[in-house]
Amino acid sequence: MTFKSLVLVIAIMAVLSSMSHASDPSPLQDFCVAVDDSKSAVFVNGKFCKNPMDVTADDFFRPGLNMAGNTSNQLGSAVTAVNVNNLAGLNTLGISLARIDFAPYGLNPPHTHPRGTEVLALFEGTLYVGFVLSNPGPNMKNKLFTKILHPGDVFVFPVGLIHFQFNVGKTNAVAFAGLSSQNPGVITIANAVFGSDPPINDDVLAKAFQIENKVVDYLQSQFWWDNN
């Protein structure tokens, strides 16, 4: 192998290695507490950094996850997220957390996290959970992976894949989820497709879902609840 070929191989391996990381970029300092102050000099991972001399323990603290979310809604679920937007000390650290409460037969509907893998631990109740793989080859269906979870069980949802959690029990359920991003984002499939503003053209959705335009109109007229 020539020297140029060796350099090229090393360069390709370096690129592939950097692409393989599932979390946010590693910080180059101990912390970067987010602050909404455009006069700050440092801008990292979408947030300004607070002056380290002004940082306190409260920047890394958030109470309240002992309190259940309000599940009195159409979905019967509530997600209480802890991310860089409400816990500034998470900035650049590449992690976040969520508490998910379910009423009996409550649903956290099919959604994706475009920037983070999710690992979910069930504390109370019984959940039917699953995720769907990305598009396979021609004439193949997207594979579905599902599991029934009981207290103490853990399940992983890979980054970017559509997934859901459904309370199949007659009692409330509580789960906690860790995500590999300070701000993993969430795209609720039904809300995004049928509740966008402005709405997606009827003909596009009718052809995509192979349904009549009037069905699209009906779905777009519904109120799509956001449980986050």
Side-chain angles (χ1 to χ4, degrees), residues 64-83 85-86 96-135 141-181 183-197 199-200 205-206 208-211 215-228:
L65 281 191
N66 60 314
M67 304 295 293
N70 183 5
T71 60
S72 299
N73 55 62
Q74 294 170 313
L75 296 173
S77 68
V79 177
T80 305
V82 178
N83 54 45
N85 294 318
N86 54 31
S96 57
L97 176 72
R99 171 178 173 145
I100 313 170
D101 290 282
F102 300 84
Y105 308 111
L107 171 70
N108 191 14
H111 62 281
T112 71
H113 300 294
R115 295 180 292 275
T117 290
E118 175 181 345
V119 55
L120 180 139
L122 183 62
F123 281 68
E124 297 178 17
T126 305
L127 292 181
Y128 168 64
V129 305
F131 66 87
V132 182
L133 292 186
S134 54
N135 292 356
K141 293 185 177 181
N142 301 66
K143 189 171 183 178
L144 172 65
F145 292 86
T146 64
K147 200 75 175 175
I148 298 292
L149 302 187
H150 302 282
D153 290 345
V154 175
F155 198 81
V156 175
F157 306 99
V159 59
L161 298 185
I162 296 175
H163 59 283
F164 60 86
Q165 299 105 24
F166 178 55
N167 183 4
V168 293
K170 297 180 180 180
T171 61
N172 294 338
V174 181
F176 284 83
L179 298 108
S180 62
S181 171
N183 189 18
V186 59
I187 303 172
T188 306
I189 307 304
N191 299 41
V193 172
F194 295 108
S196 66
D197 183 20
I200 299 174
L205 295 181
F209 287 94
Q210 301 178 37
I211 56 179
V215 177
V216 174
D217 292 336
Y218 169 76
L219 291 171
Q220 289 181 328
S221 69
Q222 303 305 300
F223 176 73
W224 295 96
W225 184 267
D226 181 6
N227 66 337
N228 286 269

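Quick note: residue numbers are just sequence positions, from 1.
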To the nearest 0.5 angstrom, please state how far the CZ atom of Phe223 sits from the CD atom of Gln74.
6.5 Å
Working to the nearest 0.5 Å, report the span between CD1 of Ile187 and NE2 of His111.
10.5 Å
To the nearest 0.5 Å, atom OG1 of Thr112 lies from atom CD1 of Ile162 at 7.0 Å
Separation of Phe157 CZ from Leu120 CG (nearest 0.5 Å):
5.5 Å
Please enumerate all residues that pass side-chain contact (heavy atoms from CB on, under 4.5 Å) together with Glu124, with sequence neighbours excluded.
Val174
4.5 Å side-chain heavy-atom contact, Leu179 and Ser181
no
Close side-chain approach of Val129 to Thr146, heavy-atom, < 4.5 Å
no
Let me confirm one number: the OG1-CG distance from Thr188 to Asn228, rounded to the nearest 0.5 Å.
5.5 Å
Ring centre gap for Phe164 and Tyr128 strictly below 6.0 Å
yes
Strictly by side chain to side chain donor-acceptor pair (under 3.5 Å), give each pair with a member in residues 96-107 just once, sequence neighbours left out.
Arg99-Asp101
Heavy-atom pair with the smallest gap, counting every atom of Ala175 and Leu127:
CB-CD1, 4.3 Å
Which atoms form the tightest heavy-atom contact between Pro151 and Phe123, and what is the distance?
CB-O, 3.5 Å
Heavy atoms of Leu122 and Gly125 approach each other most closely as CD2-O, 3.3 Å
Identify, with sequence neighbours excluded, every residue that meets side-chain hydrogen bond (donor to acceptor under 3.5 Å, both in side chains) alongside Gln165.
Asn108
Please lay out, stage by stage, how Phe176 and Leu65 fare under the test side-chain contact (heavy atoms from CB on, under 4.5 Å).
CA-CA 9 Å; Phe176 284 83; Leu65 281 191; 4.1 Å; yes
For a 4.5 angstrom cut-off between non-hydrogen side-chain atoms, does Trp225 reach Asn191?
no
Please give me the minimum heavy-atom distance between Ala103 and Thr71, naming the atom from each residue.
CB-OG1, 3.7 Å
Compute the ring centroids of His163 and Phe131, then answer whether they are less than 6.0 Å apart.
no
Taking Asp217 for the side chain and Ser221 for the main chain, is one N or O donor matched with an acceptor at less than 3.5 Å?
no
Output for pair (Asn183 CG, Asn85 CG), nearest 0.5 Å, gives 5.0 Å
If we only count heavy atoms from C-beta on, is the Val159 to Ser180 side-chain gap below 4.5 Å?
no
Kindly say whether the aromatic ring centers of Phe209 and Phe194 come within a distance under 6.0 Å.
yes
Audit row: Asn135, Asn142, side chain to side chain donor-acceptor pair (under 3.5 Å) steps and yes/no
CA-CA 6 Å; Asn135 292 356; Asn142 301 66; 3.0 Å; yes
For the side chain of Gln222 and the backbone of Tyr218, is there at least one donor-acceptor N/O pair under 3.5 Å apart?
yes
To check you understand the geometry: which heavy-atom pair defines the closest contact between Pro104 and Asn167, and what is its length?
CA-ND2, 3.5 Å
Please give me the minimum heavy-atom distance between Gln220 and Pro199, naming the atom from each residue.
NE2-CB, 3.7 Å
